[in-house]
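The structure appears right after this line, and notes come after that.
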Amino acid sequence: MASESTRSGEGAGTDRSAPVSALETARRQLEHAAAELDLDPNVVERLKHPARVQRVSIPLERDDGTVEVLEGYRAQHDDVRGPFKGGIRFHPDVSEAECIGLAMWMTWKTAVMDLPLGGAKGGVVVNPKDLSENERERLTRRFAEELRDIVGPNTDVPAPDMGTDPQTMAWFMDAYSVQQGETTPGVVTGKPPEIGGSYGREEAPGYSVAIVVREACKYYDRPVEGATIAVQGFGSVGANAARLLESWGADIVAVSDVNGAAYDPEGLAVQEIPAHDETPEAVTDSDGDAITNEELLELDVDVLTPCAVGNAITGANASDIQADLVVEGANGPVTFAAESILQQRRIPVVPDILANAGGVTVSYFEWLQDINRRKWSRERVNEELEAEMMAAWESIRDEYERRDVSWRTAAYIVALSRVARAHELRGLWP
Ligand code: GLU
């Protein structure tokens, strides 16, 4: 099964000499947006910190009988509007600071979508490609045991993220259910549909990226039909976004994965290219000229969608971006420094907390289905996703027009206002 967010494009086009932590970026974005609003400074101060971070060590028995001790985290940022919500990643770059920054983004993402959920993120410092399936299963079950006291359908609901997939969620749900003594599908989302997962969950982050690209194109008077689009990362997010956009008449002129990129100015046949997780060599074996990930990022296209990893566009390469519009498919692909440069160059950046929020939105639908023990059809999921995405897009567009700020600040204003209002109503201190 495909992992939620591709690892493809890793290291590509990134400024590894000056890595920027997700936490640093998230805090700077928060301060920047808070300055636009007349908020209680105590609430803003509170939101710079996670409510809790659980740090665990996980003994993993390898297939050869040796034991390795891995580090894992679950950062719970804010739950004022509902249970903590956010993915679990298996990736060598996972750190406590990264989990906290990503958890903050989840708080804004659920608030932008007006879902009754908060923000969290977890992860294990490991390269899942180095593990056998049995090792991944043992790791997931042990991680679920370590987190048992702090997760649950009414407290904190994990989901897939980089390096994890529906099978990972199935193991997590099973381990938790066995410990609880009852089948509890609502403890995680992104499960296979046969055991309480939602139809359309897997495609949802990519679909929401496509919907946001379509609306942003329309906003800038450039219909999606005939628009030229470069997609960095051809995992679940990038591949689903590219295929939907192509079906609407866009020309997907370039796609990439960790091995490199393919380019065809007339448009690639993306429906026929398997996602990176299905066939790792598919992008580089496809028709189209071979170019590098760096070259893909710098193509002169209508829309660039970085759907691979964080920090793809940094202060080092932002001046070379030629796209008219950037829509963030990955979490945090544009650093704070890069965004300032793009803003000076009048290249709008539509942020991740809106564009890839289809994932958590369909996670919410899945959670509702689990709680109600009632399955929705794929048509219903996609229709409701479209409606939720349009409502979020419209509220952000209104702030964008009213306040003359960046798209990201407009999205933060929508999210922060909702989170801060909930804190005000409930009271910051018990
Ligand atoms: N990992 C996804 C994200 O970053 C989805 C989280 C969820 O569904 O809870 O948005």
Q. Will you find, in the side chains of Thr189 and Arg201, an N or O donor that is under 3.5 Å from an N or O acceptor?
A. no
Q: Would you kindly say whether Gln369 and Ser198 are connected by a side-chain donor-acceptor distance under 3.5 Å?
A: yes
**Q.** Between Thr335 and Asn311: side-chain donor-acceptor atoms closer than 3.5 Å
**A.** no
(Q) If the condition is ring pair (Phe, Tyr, Trp, His ring centres under 6.0 Å), which residues does Tyr412 pass it with, not counting sequence neighbours? (A) Trp108
Q: Indicate whether the side chain of Asp165 and that of Thr168 have a donor and an acceptor atom separated by less than 3.5 Å.
A: yes
Q: State whether Tyr364 and Lys85 meet the cation-pi test: NZ (Lys) or CZ (Arg) under 6.0 Å from the six-membered ring centroid, and within 45° of the perpendicular axis.
A: no
Q.
Can a side-chain donor-acceptor contact be found between Gln180 and Arg148 if the only test is distance below 3.5 angstrom?
A. yes
Q.
Please enumerate all residues that pass ring pair (Phe, Tyr, Trp, His ring centres under 6.0 Å) together with Phe336, with sequence neighbours excluded.
A. His32
Q: Before giving the answer on side chain to side chain contact (heavy atoms under 4.5 Å, CB included), spell out for His77 and Ile100 the whole-Å C-alpha distance, their side-chain angles and the decisive distance to 0.1 Å.
A: CA-CA 7 Å; His77 175 247; Ile100 297 170; 5.6 Å; no
(Q) Could you check whether His423 and Asp78, counting side-chain N and O atoms only, form a donor-acceptor pair closer than 3.5 Å? (A) yes
Q. What residues, two or more places apart in sequence or in another chain, satisfy side chain to side chain donor-acceptor pair (under 3.5 Å) together with Tyr219?
A. Glu401
**Q.** Criterion side-chain hydrogen bond (donor to acceptor under 3.5 Å, both in side chains) against Gln76, the qualifying member of Thr155, Asp156, Thr107
**A.** Asp156
